[in-house]
Amino acid sequence: MEDLTLEGLTGYYLGGGEITCCTLVKEDLYVAVKSHLLVYSTRNAALLHVQKLGSSEVTGLSPSPTNSQQLLVTSRDGSVSVWDMTDWTLMRTLTAGSSVSHLLVSRSAEHIFLVTRGTESGNTITKIQKHCASTLSHISDSLIIKKPCDNFRISSCGNFILFTRDTRVRVINTCTCATFTRFTHDTDLCATALHPTRNIAAVADVDGRICFLNDWNVKGSVEGDVQHWHANQVGGMGFAPRSDVLFSGGAESVLVKWLDGQPQFLPRIGGGIQHVLCPESGDIVVLVTQDTAIHIVSLNTWTVKFKLCNILKRPRYTCSKTRATTEIASSGTDVVFSSTPGNLQVFDVEKREHKRIVDITNQNQSTGHTRNKTLSYIDITHFKISFDEEWLVTIERRDDGFVTPENRLKFWRRHETGYTLKTCVDPPHTKLTTSLSLGLTASPTAVTTSTDCTVKVWVCGDDEDKWTEKQVLKHRHGPAYNSVISDDGSVIVVGYKGVIVLYGTDKWEVKAEVPQLISRMDQIFLSGYYLLNSAKDLISVWDLTSVSLCWEVSANVSYILGLPDKTFLAFIARKSVTDAYLFGVKSAAPLAVHKFVCPGVVEGACVVDGGEKVVMLNNQHELYTLSHISPPPLATAERQHADTATVFTQLLKIAAPAVTPPEFKHNSSATVASSVLNVSSSAMPPLSAICANVLSYFLPQKTSSSTN
């Protein structure tokens, strides 16, 4: 089963992965995701059509130069097909003989060029084949190259093809088949663009420099006009249709507009920019980013007009020193997780659809623009949602290695359509904030830890909107790495270097210390009067009534999820998949084991639907569910100890807290535990979302009559 990753604004889903290619047909955007085609309107971002184009990955899309109602499609398996766009019938097809990597079409010519790649005697062979556009019949092989080439572009008249080979720009005359080197650079080239009406070409290198070449199709070497703003590799470029303006974008996620050598910026689009498309209308630019999102930018207002957002893939950012959070939290039937930098995404598990984006950092700004500087994002490093879902607390950080790092603690209150910022603490600590925890009591309480050796307790004031610092805790063991608050609010547990410390909240005194063999714990949480922690490849369970170790087990644990009634799930990575183990706190023997709950490594998990489902977030930023199918009853022994509040009051001799806990309904772990005994693991959304009968119900019916 293929992972399901793409979502449009109208709620359609498609199996697949990265966007392989895209093109513009009049005012419509044609996007290929593996072997599927999605057609969007650039005017209102509506999804107009979904079409299966074959069984192989699509590598090229273009309207036919001889018939504007026909679409040319090339695939990785070497097939070339012609589709009628009025009724989406397959008209003809052929096989190129080798994998087709590029489709080159000139609007003013009656022939097309296919760039194929194969292997002969262990060497990669690149061929450029010339075909008739109307019949697809093979005319000739214009060029055979025994070295890898890329970034192919064809002139508007169809007489010249430009491509790159390592550091050189090569040009082929399609009429005479003569080739020559037009430009030699000092660094590998990664992107090209041709002016639609003038003999101007732009080539970009892996260091972010862009070279403008005049008269690029004239034989002889030329010196390029070099411009430099991008700090990383340029991903895509495109010229405006009726001007000398060039648009470029790369890993910094910043759209740059070049005119007369002067750049203008639209910072923080989202993921790294891969493709830049400029339609004939000239009033918009279409961007495709690494997080499989499509951005339609208005050139009149210089703002993002529409965004077609992917919900399950997160780009791998390399230019920021701050690591984004992999946390996931539940809010009713919704799950909340970090999507593009600086944003939280809300996903409805029951309806299996995206609900909203919460902009936490309010559009990150660019900070560097030379090779000696990098471009950093403001990223969300931690976030928590209160048990009553009334509050969202976030920690954001930006660190580019050149200026003083930024740290902010923000408290957001929920309203009907999202969250409103109520309090911003800038900064909450003098150094890196390492963890965030929220209490379950009626009086909202938050705890933050930091490498500045302080632990701070934050409470909501009498006006119910403003949060203030209530207490600062310190310990001789130095930096604090994580924390948790007991259910009744009487104890705060803090993980320091080599020790876990329990503080009583009545007098803010140390009540107990639990030494650890490993200096830094990855996770700690409380289950009744048991303390659970994981570090690297070790899980430990401590009995706080005697401050003694109950048991520990060594395994490649990526994440542990605490469940009610002293049970928890441990996600253990095994090669390229993850297994789930259900443990009780009293024994190292697992209560149940479920193999292969999802591919990759689970980095976050939460319980939704009242304990019916466990939602997992893996290292590929994909969501999977672990749910039960008619679960058998699970035999559980009655708890022999008192409730948590009484135990902590007696054990640590703490005065009973004055605040009465709210009447939250705690779900039994029997449902979750039994679900692991008989479970089904699936990616979200389901594969059935792309079935033809579902699509035909939502999509407008296509008529077979041709349009004039």
To the nearest 0.5 Å, what is the distance between [atom1] on [X] and [atom2] on [Y]?
X: Thr545; Y: Tyr529; atom1: OG1; atom2: OH; result: 5.5 Å
X: Leu617; Y: Tyr559; atom1: CG; atom2: OH; result: 10.0 Å
X: Glu327; Y: Lys384; atom1: CD; atom2: NZ; result: 3.5 Å
X: His295; Y: Ile273; atom1: NE2; atom2: CD1; result: 7.5 Å
X: Asp537; Y: Ser554; atom1: CG; atom2: OG; result: 4.0 Å
X: Tyr481; Y: Ser435; atom1: OH; atom2: OG; result: 11.5 Å

Single hit among Leu409, Thr448, Val425, Val447 for side chain to side chain contact (heavy atoms under 4.5 Å, CB included) with Lys456: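 Of all the options given, the one that passes is Thr448.
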Side chain to side chain contact (heavy atoms under 4.5 Å, CB included) with Val514: which of Asn533, Val501, Leu549, Ile500?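 For Val514, the side chain to side chain contact (heavy atoms under 4.5 Å, CB included) check succeeds only for Ile500.
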Regarding [X] and [Y], do their side chains bring together a donor and an acceptor under 3.5 Å, going by distance alone?
X: His475; Y: Glu513; value: yes
X: Thr394; Y: His382; value: no
X: Thr430; Y: Asp452; value: yes

Starting from the C-alpha separation in whole Å, work towards a yes-or-no answer on side-chain hydrogen bond (donor to acceptor under 3.5 Å, both in side chains) for Thr505 and Ser490. CA-CA 5 Å; Thr505 58; Ser490 62; 5.7 Å; no
For the pair [X] (side chain) and [Y] (backbone), establish whether a donor and an acceptor sit closer than 3.5 Å, ignoring hydrogens and angles.
X: Ser534; Y: Ile539; answer: no
X: Ser450; Y: Thr454; answer: no
X: Gln523; Y: Ala535; answer: no
X: Ser483; Y: Val494; answer: no

State, yes or no, whether a side-chain contact exists between [X] and [Y] at a heavy-atom distance under 4.5 Å.
X: Leu526; Y: Leu532; result: no
X: Val346; Y: Val358; result: yes
X: Val336; Y: Ile385; result: yes
X: Ile395; Y: Phe383; result: no
X: Phe347; Y: Phe337; result: yes
X: Phe571; Y: Val601; result: no
X: Cys453; Y: Tyr496; result: no
X: Leu582; Y: Thr567; result: yes

What's the verdict on side chain to side chain contact (heavy atoms under 4.5 Å, CB included) for Leu392 and Leu344, showing C-alpha distance, side-chain angles and the deciding distance? CA-CA 11 Å; Leu392 167 68; Leu344 292 178; 4.0 Å; yes
Non-hydrogen atoms of [X] and [Y] that approach each other most closely:
X: Ala446; Y: Leu438; value: CB-CD2, 3.6 Å
X: Lys474; Y: Tyr503; value: O-OH, 3.4 Å
X: Pro599; Y: Asn618; value: O-ND2, 3.1 Å
X: Val614; Y: Ala605; value: CG1-CB, 4.3 Å
X: Lys470; Y: Trp508; value: CE-CZ2, 4.2 Å
X: His230; Y: Gly250; value: CE1-N, 4.1 Å

Steps toward side chain to side chain contact (heavy atoms under 4.5 Å, CB included) verdict (Lys422, Lys466): CA-CA 6 Å; Lys422 295 298 183 181; Lys466 185 174 180 58; over 6 Å; no
Side chain to side chain contact (heavy atoms under 4.5 Å, CB included), that's the test. Do Ile560 and Leu569 meet it? Break it down for me. CA-CA 6 Å; Ile560 53 176; Leu569 282 172; over 6 Å; no
State which residue, out of Thr451, Thr449, Thr381, Asn482, fulfils the side chain to side chain donor-acceptor pair (under 3.5 Å) condition with Thr434. Thr449
Could you list the residues that satisfy side-chain contact (heavy atoms from CB on, under 4.5 Å) with Ala555, not counting sequence neighbours?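 Ala555: side-chain contact (heavy atoms from CB on, under 4.5 Å) contacts with Val557, Ile572.
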Checking side chain to side chain contact (heavy atoms under 4.5 Å, CB included) for the pair Val615/Ile328: CA distance, chi angles, key distance, verdict? CA-CA 9 Å; Val615 180; Ile328 181 171; 3.9 Å; yes
Please work out which of the three classes, parallel, tilted or perpendicular, describes the rings of Trp467 and Phe411, given edges at 30° and 60°.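 Geometry flag for Trp467 against Phe411: parallel rings.
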CA sep, side-chain torsions, deciding dist, call: Asp465, Arg413, salt bridge (Lys or Arg N to Asp or Glu O under 4.0 Å): CA-CA 8 Å; Asp465 275 342; Arg413 188 151 199 173; 3.3 Å; yes
Are Trp229 and Phe265 an aromatic pair, judged by ring center distance below 6.0 Å? yes
Worked check of ring-ring contact (aromatic ring centres under 6.0 Å, His included) between Trp551 and Phe583: CA-CA 11 Å; Trp551 59 269; Phe583 287 98; 5.5 Å; yes
Going through the distances and angles, do Glu396 and Arg408 end up as a salt bridge (Lys or Arg N to Asp or Glu O under 4.0 Å)? CA-CA 5 Å; Glu396 62 187 52; Arg408 297 182 188 89; 3.0 Å; yes
